[in-house]
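Note that these values count all heavy atoms, side chains included, but never hydrogens, waters or copies made by symmetry. Just so it is clear, the structure is predicted and the values come from calculations on it, not from any experiment.
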Amino acid sequence: MVMKKRYLAILMGLMVGASLLTGCGTSQNTDSSAEEETSSKAYGEITALGEDSFTLDSGMGDAIEVTVTDDTEITTQVTAGTGMGGGNMSFGDMDIPDGESSGDRSAAPDSGSGDAADDTGTSASGDDSENDGDASDTTDTDDSESAEDSDGSTPPDMPSDNGGSDENMQGMPSGDGSDGDMPDMSSSDSEDFGGGMGTNGSSTIDFDDLSVGDVVAVTYDADGNVTAVMVLYSVAASTDTEGSGSDTASASGISYTAVNEYTADATVDGENISSTGTDENAILISEGANVTVTDSTVSRSSADSTGGDNSSFYGVGAAILTIDGTAYISDTTVETDAAGGAGVFAYGDGIVYVADCTITTQQDTSGGIHAAGGGTLYAWNLAVETNGESAAAIRSDRGGGTMVVDEGTYTSNGTGSPAVYCTADIVVHDATLTATASEAVCIEGLNTLRLYDCDLTGSMADDSQNDCTWNIILYQSMSGDSEVGNSVFEMVGGTLTAKNGGMFYTTNTESTFTLSDVDITYADDSEFFLRCTGNDNQRGWGSSGSNGADCLFTAIDQEMEGDIIWDSISQLDFYMTDGSTLTGVVLDDETYAGDGGDGYCNLYIGSDCTWTVTGDSVLSDLQNEGTIVDESGNTVTIQGSDGTVYVQGTSQYTITVDSYETNADLTGASAVSEWSDYEVEKPDEL
């Protein structure tokens, strides 16, 4: 939703048919400042059509009326079979959690909307982690996973359900970012988003070719006139490609070659299957076949493979790919050394059950286990290691899907390659998740990651293209790989470690964080506990000055340290419940808020919770039933912005608020779910 210079550069690339990076790592250094001075953009879904106008709804605020003239150029990046990668991109009827409000982020120029829907395909991290799509891949700009790599790349998968988001958005180092992960968007370790919206080139269409339900990017000149309309998602194209498995792939112009293709039920036991062809699969399962692979070795090695969007979105070049059918994989070693060589991939109507396997990938855009296009993957006790850029250990991409992972170790070593790059519905239990050169997690758009009793570690590098450095990022690049909506991060139990930078960052999106009894270790140079602001990321996440975040944060029996940073173009509801503690300050930082807005930061402190204040703080509404003291135990003064003194303290610190109440309405807080709600029984075939 944030649309900065990087995003503009990405959109320009799409308009000329260039592939854009969508990962969190790689970024481009295109200077779009000149264009920004003369034009602006809005993104959303067409909800009504008139004779020469249409109504645009971003799903996050007021409707926008767009009038088209004879001078308005109308183009499309979507060809039959693409439909934005098969994702059901719905901008309306978004599920906003209780206590969280949404701002208008796609308003036309000078509309004063809070969070502008930036269409840059960059992710938030500058670390090149998968949250931006592993932007480190400069050739496969479309594949960067980390938010830091989203600069100039398209974001990861656009899952149809609210569980898919770009992998890491962590520091977006240049060139970092790969499949499913959001390219460098700020400085997170996101992977490059595979394939960009401009992969198929653009073509001119007529106004009559527009349909209700199309998702478009509208360009305005300095006077507010509509100069161009680009179709990013076409209802007609999506309808043309209804189908599944190989049919869908074929309709999209995707073809597969494989060493062993299974179109009927089969068992592979004790075999050694090797693939050396260009963009070739070692095993391809289609046409509804049920295939069991056990006690085998499956390898892929190719110096000529291209990786890119076809690998990130459709699984081209993966070692084991299921596009229509069911794979049961156990006690098997999977190794790849080829660009785009994911280990195990579920796409479309493909369902994968994989247990007790070792999966190792070496090159860029090569996730360990991967789901896209609505695929489903269930995993038990895997040992996964990835070494390329835009190569999250647990990865998803355009079109999203479902992944449930139980136990095992999942390590990503590449830039812009988070441990988890999320553009799907992903649940992980009792696993060790480590990103050694990227943010730990990158989530983009309407997608969800739930962690239960996991050990999660990230190490995103600082990057000058990012406004900050983070460990977990929730954001929206509006590149088209992830449906616009609420990004959800839920962590229950386990440990969370940041080796560098702040802990949680959300920008240009709606987001929900829920933490319950997590043991947190902070970086020595931790910049913040939570940053909920707009951004000026060079990769272009939304329109600068109107790309804030709407965030619901709930802490349950949670110890927290560090500052909470917000701005007036963002909306933050922060709940402390069940004995939670916070040590730090709450700061209003207007650095990236442009002319400002009507945003707020509301803090709700339950009766058994404590806020230990370490400096003067500023927020909107403070509802307190707990304890507020400084580090010496002194009562902190609480005064209104109008000068009213609500609490006269003995501390040197003051909390300034717009309103103050001595009881806390906690009904807007989110609640945690349980692992048992998602646990999948291992099938007999494994």
- Please assess E385 against N413 for the test side-chain hydrogen bond (donor to acceptor under 3.5 Å, both in side chains), listing each intermediate value before the final yes or no. CA-CA 8 Å; E385 179 178 354; N413 297 313; 2.9 Å; yes
- Item | ring pair (Phe, Tyr, Trp, His ring centres under 6.0 Å) partners of residues 427-448, not counting sequence neighbours, each pair once | H429-W675
- Task: For side chain to side chain contact (heavy atoms under 4.5 Å, CB included), just list the numbers for T506 and F553, CA-CA rounded to whole Å, side-chain angles, deciding distance to a tenth of an Å, and then say yes or no.
- Result: CA-CA 11 Å; T506 181; F553 193 106; over 6 Å; no
- Task: Verify the neighbour count for atom CD of E407: are there more than 12 heavy atoms of other residues, nucleotides or ligands below 6.0 Å?
- Result: yes
- Query: In terms of the angle between their ring planes, are F504 and F513 parallel, tilted or perpendicular, with boundaries placed at 30° and 60°?
  - Reply: perpendicular
- Using a 4.5 Å cut-off on heavy atoms from C-beta on, say whether the side chain of D467 contacts that of T507. no
- W611 side chain to G584 main-chain N or O, any donor-acceptor pair under 3.5 Å? yes
- Should we count CG of N663 as having more than 12 external heavy atoms under 6.0 Å? yes
- Task: Kindly write out the residues that satisfy salt bridge (Lys or Arg N to Asp or Glu O under 4.0 Å) with D608, not counting sequence neighbours, or none if the list is empty.
- Result: none
- Item | Residue pair T469 / Y505, side-chain heavy-atom distance below 4.5 Å | no
- Message: Is there a side-chain contact between F574 and L530 in this structure, where contact means two heavy atoms from C-beta onward sitting under 4.5 Å apart?
- Response: yes
- Message: Tell me which one of T554, I520, I556, V492 satisfies side-chain contact (heavy atoms from CB on, under 4.5 Å) with L515.
- Response: I520
- Query: Can you pull the salt bridge (charged side-chain N to carboxylate O under 4.0 Å, His left out) pairs that have at least one residue in residues 489-499, sequence neighbours excluded?
  - Reply: R450-E490
- Query: Between V420 and V405, does a side chain to side chain contact (heavy atoms under 4.5 Å, CB included) hold up when you go through it step by step?
  - Reply: CA-CA 11 Å; V420 182; V405 179; over 6 Å; no
- Message: If only side-chain N and O atoms count, and only distance matters, is there a donor-acceptor pair under 3.5 Å linking S330 with D356?
- Response: no
